[in-house]
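One structure is given here, and the rest of the page talks about it.
Hydrogens, waters and symmetry mates are skipped; everything else that's a heavy atom, side chains included, is used.
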Amino acid sequence: MTNTRVLLIDDDEPFRQRLARAFVDRGYVVETAGSGEELRKKVPAFLPTHTVIDLRLASESGLDFVEALSSQSKVVMLTGYGSVPTALEAVRRGATNYLAKPVSFPDLEAALFGPALAPTSSMDHAHVPSLDDVEWEHIQRVLRDCE
């Protein structure tokens with residue numbers, strides 16, 4: 001699976017890191033970006049084969065990057081603000097799939113690789129926590145850090 005390079009673009013750092021960890025645990029090579037600026041810097045050096053991008057980045061739209069990314073990788077767009085017009089626009093620009101958050105890791109992996117073609121890792125798919133679990137962990141960590 002070393003030839004499978006997954007680029008994750010999301011401005012929500014805890015979500016992005018949790019997702020990156022899930023991909024790495026399954027043997028994928030992963031790079032992350034939290035903004036369009038970071039994305040522009042990382043793509044030429046990383047050359048992703050598969051990309052997951054959030055619709056709403058801090059100051060930009062993920063839609064603005066789909067066309068360029070889809071010319072070199074398979075693109076799946078994630079969003080917490082799903083609508084039919086944005087889904088159609090994402091697909092028109094080259095996204096192969098459009099998923100609403102929260103999304104389970106198996107569903108995301110199937111969207112990237114196809115249900116029958118998803119690479120299998122040597123380990124069974126571990127449970128990926130829900131966004132509610134991630135949010136609760138983040139709140140607990142902030143409370144602990146701030147005493």
Side-chain angles (χ1 to χ4, degrees), residues 1-139 141:
M1 229 183 299
T2 58
N3 292 333
T4 305
R5 294 177 311 282
V6 180
L7 177 62
L8 305 173
I9 306 117
D10 198 306
D11 58 349
D12 179 349
E13 186 174 356
F15 176 76
R16 185 177 69 241
Q17 295 308 321
R18 172 76 69 174
L19 198 55
R21 192 172 330 129
F23 275 106
V24 168
D25 287 349
R26 286 160 183 83
Y28 299 98
V29 177
V30 176
E31 187 65 59
T32 65
S35 67
E37 183 178 331
E38 262 186 273
L39 169 63
R40 287 181 198 94
K41 291 177 184 176
K42 291 186 178 187
V43 167
F46 185 62
L47 299 173
T49 58
H50 297 78
T51 302
V52 177
I53 187 166
D54 190 19
L55 174 64
R56 289 189 181 178
L57 301 173
S59 61
E60 297 175 276
S61 171
L63 282 173
D64 296 337
F65 301 99
V66 171
E67 194 168 341
L69 290 167
S70 67
S71 68
Q72 65 186 36
S73 71
K74 186 172 183 180
V75 177
V76 171
M77 177 156 279
L78 290 180
T79 184
Y81 308 93
S83 71
V84 172
T86 56
L88 291 173
E89 185 62 21
V91 171
R92 186 186 71 74
R93 293 186 186 198
T96 56
N97 217 319
Y98 181 93
L99 300 173
K101 291 179 184 177
V103 62
S104 70
F105 185 82
D107 288 344
L108 179 56
E109 191 175 33
L112 274 174
F113 303 106
L117 301 175
T120 56
S121 64
S122 58
M123 63 190 288
D124 291 334
H125 288 278
H127 169 72
V128 176
S130 70
L131 286 178
D132 288 337
D133 293 340
V134 173
E135 180 182 41
W136 185 86
E137 287 176 13
H138 179 72
I139 290 169
R141 186 173 42 249

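At a cut-off of 3.5 Å, with distance as the only test, no side-chain donor of Tyr98 or Glu89 sits close to an acceptor on the other residue. In this structure, a donor-acceptor pair under 3.5 Å is present between the side chains of Ser73 and Thr51. In the model, Ser104 has a side-chain atom that pairs as donor or acceptor with a side-chain atom of Asp107 under 3.5 Å.
Between Ser71 and Ala68, the shortest heavy-atom distance links the atoms OG-O, 2.7 Å. The minimum heavy-atom distance between Phe46 and Val30, with the atom names listed, is CZ-C, 4.0 Å. The shortest heavy-atom contact between Gln17 and Thr32 is NE2-OG1, 3.9 Å. Contact detail for Asn97 and Ala111: the closest heavy-atom pair is ND2-CB, 3.5 Å. Of all non-hydrogen atoms in Thr79 and Asp54, the two that sit nearest each other are CA-OD1, 3.8 Å.
A distance of 11.5 Å separates CD of Glu60 from CD1 of Ile9, quoted to the nearest 0.5 Å. A distance of 10.5 Å separates CG of Leu19 from CG of Asp12, quoted to the nearest 0.5 Å. Atom CG of residue Leu55 and atom CG of residue Leu78 lie 10.0 Å apart, to the nearest 0.5 angstrom. To the nearest 0.5 Å, the span separating CD1 on Ile53 from CG on Leu7 amounts to 8.0 Å.
In this structure, Glu37 does not pair ionically with Arg40, as no charged nitrogen and carboxylate oxygen lie closer than 4.0 Å. For the pair Arg93 and Glu67, the salt-bridge criterion is not met [side-chain N within less than 4.0 Å of a carboxylate O].
For the pair Pro48 and Gln72, the minimum side-chain heavy-atom distance is below 4.5 Å. Side-chain contact between Val76 and Leu99 is present, with heavy atoms from C-beta onward closer than 4.5 Å.
A cation-pi contact links Arg26 to Phe105, judged by a cut-off of 6.0 Å to the six-membered ring centre and 45° from its axis. Within the cation-pi definition used here (under 6.0 Å to the ring centroid, within 45° of the axis), Lys101 qualifies as a partner of Phe15.
Under the side chain to side chain contact (heavy atoms under 4.5 Å, CB included) test applied with Val75, the options Val52, Leu69, Val91 reduce to a single match, Leu69. With respect to Glu31, the salt bridge (Lys or Arg N to Asp or Glu O under 4.0 Å) criterion is satisfied by exactly one of Lys41, Arg5, Lys42, Arg16: Lys42.
Checking side-chain atoms of Asp11 against main-chain N and O of Ala58 turns up a donor-acceptor pair under 3.5 Å.
Using cut-offs of 30° and 60° on the angle between ring planes, the pair Phe113 and His50 is tilted.
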